Amino acid sequence: MIVDGRILREDFVPSEVVHRHDEVNLLSETLEPLVSGGRPEPSFLFGPTGVGKTCIARYTLGQLREQVPKVRIAYVNCWQEYTRFRVLYGVLEAVDRAIDVHRTTPKDELFQRLAGCDEQPIVVILDEVDQLEGTAALYDLHRLPHVSLVLIANREDELFASFDDRVRSRLRAGTRVRFDRYGTDELVAILRERTAKALEPNVVTDAQLERIADAASGDARVGIGVLRSAARRAERERCETITDEVLEAAIPDARTEIRQKTVDGLIEHQRVLYDVIADAGEIEPGALYEEYERRVDAPKSNRTLRNYLTKMVHYDLIAAVGERGGRTYRLVDGEDA
DNA sequence: GGTCCACAGGAACGGATGGAGT
DNA sequence: ACTCCATCCGTTCCTGTGGACC
């Protein structure tokens with residue numbers, strides 16, 4: 001059934017893009033100065049999840065590298081690497097200068113080291129850049145003349161709101177590439193492309209691809225996830241083709257899989273908070289703290305709980321409804337707005 | 001208006017951690 | 001083996017703010 005599983009992985013970058021030609025062109029135009037040894041303006045890729053921002057960034061830079069092989073590319077996902085240290089480390093790693101850097105290496109030394117490797121231009125892709133804590137890393141990177149930035153985030157206004165003035169004014173000039181949700185047809189085309197390479201022929205019908213695209217509501221990550229999970233299921237059940245039953249069973253899989261992965265990563269106390277919120281549906285802070293203390297032997301201080309909660313909001317597991325005063329917490333519903 | 005309460009989130013502190021240098 | 005150093009995590013303390021009630 002599955003011929004090449006890599007193609008159904010989340011981080012797979014296709015050799016041809018099915019849609020998004022305009023976006024690719026705009027991004028490569030912005031990066032064009034690198035061809036003649038210049039420095040491009042920073043570029044921004046904005047759009048909701050699963051619309052191909054990361055994929056297009058990697059694809060376009062892959063193309064660029066074929067033209068200008070000396071360009072180094074550093075991809076850093078700020079979701080995981082959200083401190084100044086980790087971002088700088090990630091970039092150093094990508095240019096092979098991370099040897100004997102360790103936890104206790106001063107951050108300024110990382111910066112100096114990066115400043116030192118200026119014989120080749122470096123393009124730094126910062127994915128989920130809105131998850132970065134503080135703007136020190138951005139400021140550092142932008143200061144280096146041999147570093148160009150490609151920044152990926154969901155919403156422009158939120159991203160810029162999180163910048164301090166210094167960084168905001170410096171990055172204002174960059175090029176914006178905006179991504180809209182895929183239409184069902186576009187998503188079907190993407191899925192068909194992946195299916196052709198990843199699976200044996202004729203194991204999935206066009207109608208089924210449409211069903212997947214529909215269930216994924218414009219999110220290619222979910223769509224590909226459903227396809228992957230359906231193929232695995234079919235294989236496990238030794239089906240010749242993906243049956244409709246298998247497919248329907250795979251749809252909830254893909255949505256919960258992503259969440260389950262994050263929930264598993266929570267430490268015990270965060271997990272308790274999560275469960276309390278899940279049980280209550282929607283809960284006020286006071287009641288939440290109280291119930292948490294009831295369920296746990298050695299409760300953490302409630303300042304710590306607030307740290308946990310912000311972190312979980314950050315992970316998109318829970319949502320805080322309302323700013324301040326009358327705020328409640330609830331789980332994030334599967335469908336996003 | 002004023003006062004009080006509940007809560008969010010910043011700042012500063014201190015202990016634990018773990019690699020480096022001795 | 002031991003000290004130094006920077007970071008991480010949880011804590012305490014504190015400030016700011018919205019809502020309820022007078």
Side-chain angles (χ1 to χ4, degrees), chain A residues 76-94 96-116 126 128-141 153 155 157-168 262-332:
Chain A
V76 179
N77 188 325
C78 303
W79 189 274
Q80 286 109 34
E81 324 301 335
Y82 50 84
T83 63
R84 180 183 175 210
F85 182 93
R86 299 234 196 119
V87 170
L88 293 178
Y89 182 86
V91 177
L92 280 171
E93 206 172 27
D96 303 319
R97 294 299 182 86
I99 24 155
D100 64 70
V101 171
H102 28 79
R103 229 158 46 82
T104 61
T105 308
K107 283 169 271 196
D108 291 334
E109 195 190 314
L110 297 195
F111 177 74
Q112 287 311 324
R113 217 189 258 225
L114 203 51
L126 294 181
E128 322 242 19
V129 65
D130 46 346
Q131 301 300 326
L132 214 49
E133 93 182 9
T135 48
L138 275 177
Y139 183 72
D140 285 344
L141 293 171
R155 297 169 52 98
D157 45 352
E158 277 172 22
L159 179 65
F160 275 83
S162 71
F163 288 168
D164 57 45
D165 295 341
R166 197 173 58 167
V167 170
R168 194 177 303 137
T262 358
V263 174
D264 288 344
L266 297 178
I267 60 171
E268 190 203 334
H269 291 264
Q270 296 171 334
R271 185 64 164 274
V272 172
L273 283 172
Y274 181 85
D275 290 342
V276 172
I277 297 171
D279 293 348
E282 182 150 6
I283 190 166
E284 285 105 69
L288 172 59
Y289 299 152
E290 236 172 79
E291 180 57 28
Y292 158 83
E293 278 171 24
R294 225 193 316 277
R295 291 194 194 186
V296 128
D297 283 339
K300 306 279 184 189
S301 77
N302 79 22
R303 180 68 186 88
T304 300
L305 298 190
R306 262 174 269 142
N307 284 340
Y308 288 165
L309 289 167
T310 12
K311 194 163 277 186
M312 287 156 69
V313 169
H314 171 116
Y315 290 158
D316 225 18
L317 286 171
I318 61 170
V321 188
E323 275 303 294
R324 185 186 286 274
R327 172 186 266 201
T328 58
Y329 293 99
R330 59 173 175 73
L331 298 192
V332 172

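Every heavy atom of this structure was used, including side-chain atoms; hydrogens, water molecules and symmetry mates were not. Remember, predicted model here, so these are calculated numbers, not experimental data.
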Novice: Mind calculating the distance between NE2 (H269(A)) and P (dC9(C)) to the nearest angstrom?
Specialist: 14 Å
Novice: If a stem is a run of at least 3 consecutive Watson-Crick or G-U pairs, both distances under 3.5 Å, which stems include DNA chain B?
Specialist: B:1-22 with C:1-22
Novice: Yes or no on side-chain contact (heavy atoms from CB on, under 4.5 Å) for I318(A) and L273(A), after CA distance, side-chain angles and deciding distance?
Specialist: CA-CA 10 Å; I318(A) 61 170; L273(A) 283 172; over 6 Å; no
Novice: Take L88(A) and L141(A) through the side-chain contact (heavy atoms from CB on, under 4.5 Å) test and state the conclusion after the steps.
Specialist: CA-CA 8 Å; L88(A) 293 178; L141(A) 293 171; 4.2 Å; yes
Novice: Just how far, in rounded Å, is C1' of dG19(B) from OH of Y89(A)?
Specialist: 13 Å
Novice: State whether Y329(A) places a side-chain N or O below 4.0 Å from either non-bridging phosphate oxygen (OP1 or OP2) of dC7(B).
Specialist: no
Novice: Enumerate all atom pairs, one protein N or O and one N or O from nucleotides 10-14 of chain C, separated by less than 3.5 Å.
Specialist:
| residue | atom | partner | partner atom | Å |
| --- | --- | --- | --- | --- |
| dG10(C) | OP1 | Y308(A) | OH | 2.9 |
| dT11(C) | OP2 | S301(A) | N | 3.1 |
| dT11(C) | OP2 | S301(A) | OG | 3.2 |
| dT11(C) | OP2 | T304(A) | OG1 | 2.2 |

Novice: Between Y308(A) and R271(A), is the side-chain contact (heavy atoms from CB on, under 4.5 Å) condition met? List the steps.
Specialist: CA-CA 10 Å; Y308(A) 288 165; R271(A) 185 64 164 274; over 6 Å; no
Novice: Can L288(A) and L305(A) be said to form a side-chain contact (heavy atoms from CB on, under 4.5 Å), step by step?
Specialist: CA-CA 10 Å; L288(A) 172 59; L305(A) 298 190; over 6 Å; no
Novice: Before accepting this row, confirm whether a basic side-chain N of the pair E291(A)/R294(A) lies closer than 4.0 Å to the acidic partner's carboxylate O.
Specialist: yes
Novice: If you round to the nearest 0.5 Å, how far is CG of L331(A) from CE of M312(A)?
Specialist: 8.5 Å
Novice: Applying side chain to side chain donor-acceptor pair (under 3.5 Å), name anything that partners Y292(A), two or more places apart in sequence or on another chain.
Specialist: H269(A)
Novice: Report the distance from atom CG of D279(A) to atom CZ of R295(A), rounding to the nearest 0.5 Å.
Specialist: 4.5 Å
Novice: Nearest whole angstrom, please: distance from the C1' of dA8(B) to the NZ of K311(A).
Specialist: 17 Å
